[in-house]
Amino acid sequence: MPTFDDVERIIADLPEVTEGLRFRNRTWFVHGKSFAWERPFSKADLKRFGDETPPDGPILAVSVEDLEEKEAVLAASRRGIFTIEHFNGYPAVLIQLRAVGKRVLRDAIVDAWLAAAPETLADDFVASGGLHRR
């Protein structure tokens with residue numbers, strides 16, 4: 001079961017990342033653009049779940065390229081990756097760390113970084129073999 005320590009290790013392998021706070025949640029940025037952040041459920045989120053039990057444990061949000069990519073990610077039905085009403089129309093997905101596999105987590109974080117990074121930085125990372133580090 002991955003933890004935020006695993007998230008930090010994955011992110012540490014990505015170039016030019018900074019960490020800060022956004023909406024009082026730890027957030028990771030590349031060139032000032034956020035790509036991953038801690039995303040606990042708000043009271044409004046919990047209310048929207050109604051009688052359904054919300055995913056438990058730590059939740060990470062990651063950006064995706066666009067809404068079509070979001071649909072593709074969700075359509076893949078990877079265990080632990082989901083969305084909520086608050087994210088409708090927003091290019092990001094949520095990851096339940098207790099449910100996701102480490103490889104799926106790494107892929108989601110790297111994809112989020114690639115979507116947010118400037119094109120030349122992303123191209124250099126891919127060319128350097130950064131995608132194949134495990």
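How far CZ of R48 is from NE2 of H86: 7.0 Å, rounded to the nearest 0.5 Å.
A donor-acceptor pair is defined here as one N or O able to donate and one able to accept, closer than 3.5 Å; no such pair exists between the side chain of S42 and the backbone of P40. Counting only distance, with no hydrogens or angles, the side chain of D13 and the backbone of I10 share no donor-acceptor pair below 3.5 Å.
For the pair L60/V100, no side-chain contact is recorded, criterion being any heavy-atom separation below 4.5 Å from C-beta on. Residues V110 and L14 form a side-chain contact, since some pair of their non-hydrogen atoms from C-beta on lies under 4.5 Å apart. Residues M1 and L97 form no side-chain contact, since every pair of their non-hydrogen atoms from C-beta on lies 4.5 Å or further apart. Residues T27 and L21 have side chains not in contact (no heavy-atom distance under 4.5 Å, counting atoms from C-beta outward). Within the 4.5 Å cutoff, the side chain of L105 has heavy atoms near those of the I95 side chain. Annotation: side chain of R39 is not in contact with side chain of V62 (no heavy-atom distance under 4.5 Å).
Applying the side-chain contact (heavy atoms from CB on, under 4.5 Å) criterion to L121, with sequence neighbours excluded, gives P15, E16, V30, H31, W113, A117, P118. In this structure, the side-chain hydrogen bond (donor to acceptor under 3.5 Å, both in side chains) partners of E19, at least two apart in sequence or on a different chain, are W28. Checked against side-chain hydrogen bond (donor to acceptor under 3.5 Å, both in side chains), S34 has the following partners two or more places apart in sequence or in another chain: R22. By the side-chain hydrogen bond (donor to acceptor under 3.5 Å, both in side chains) test, R78 is found to be paired with no residue, residues two or more places apart in sequence or in another chain being considered. Under the side-chain hydrogen bond (donor to acceptor under 3.5 Å, both in side chains) criterion, D5 pairs with no residue at all, not counting sequence neighbours. Residues passing the side-chain contact (heavy atoms from CB on, under 4.5 Å) test with N88, sequence neighbours excluded: E85. Legend: residues meeting side-chain contact (heavy atoms from CB on, under 4.5 Å) with D66, ordered by chain and number and at least two apart, are E68, E69.
Applying the salt bridge (Lys or Arg N to Asp or Glu O under 4.0 Å) definition to pairs two or more places apart or across chains, those involving residues 26-37 are E8-R26, R26-E38. For residues 2-24, the set of pairs meeting the ring pair (Phe, Tyr, Trp, His ring centres under 6.0 Å) definition, not counting sequence neighbours, is empty. For residues 52-61, the side chain to side chain donor-acceptor pair (under 3.5 Å) pairs, not counting sequence neighbours, are D56-Q96, D56-R98. Residue pairs meeting the side chain to side chain donor-acceptor pair (under 3.5 Å) criterion with at least one member in residues 115-126: none, sequence neighbours excluded.
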task: I would like to know whether I109 and I11 meet side-chain contact (heavy atoms from CB on, under 4.5 Å); could you show each step before the answer?
output: CA-CA 7 Å; I109 291 171; I11 290 174; 3.7 Å; yes

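Clustering of Ile, Leu, Val, Met, Phe, Trp and Tyr side chains at separations under 4.5 Å places F87 together with W37, F41, L46, F49, I59, F82, I84, Y90, L94.
In plain terms, the two heavy atoms of G32 and F29 that are nearest each other are O-CD2, 3.8 Å. When every heavy atom of P2 is checked against every heavy atom of K102, the shortest pair comes out as CG-CG, 3.7 Å.
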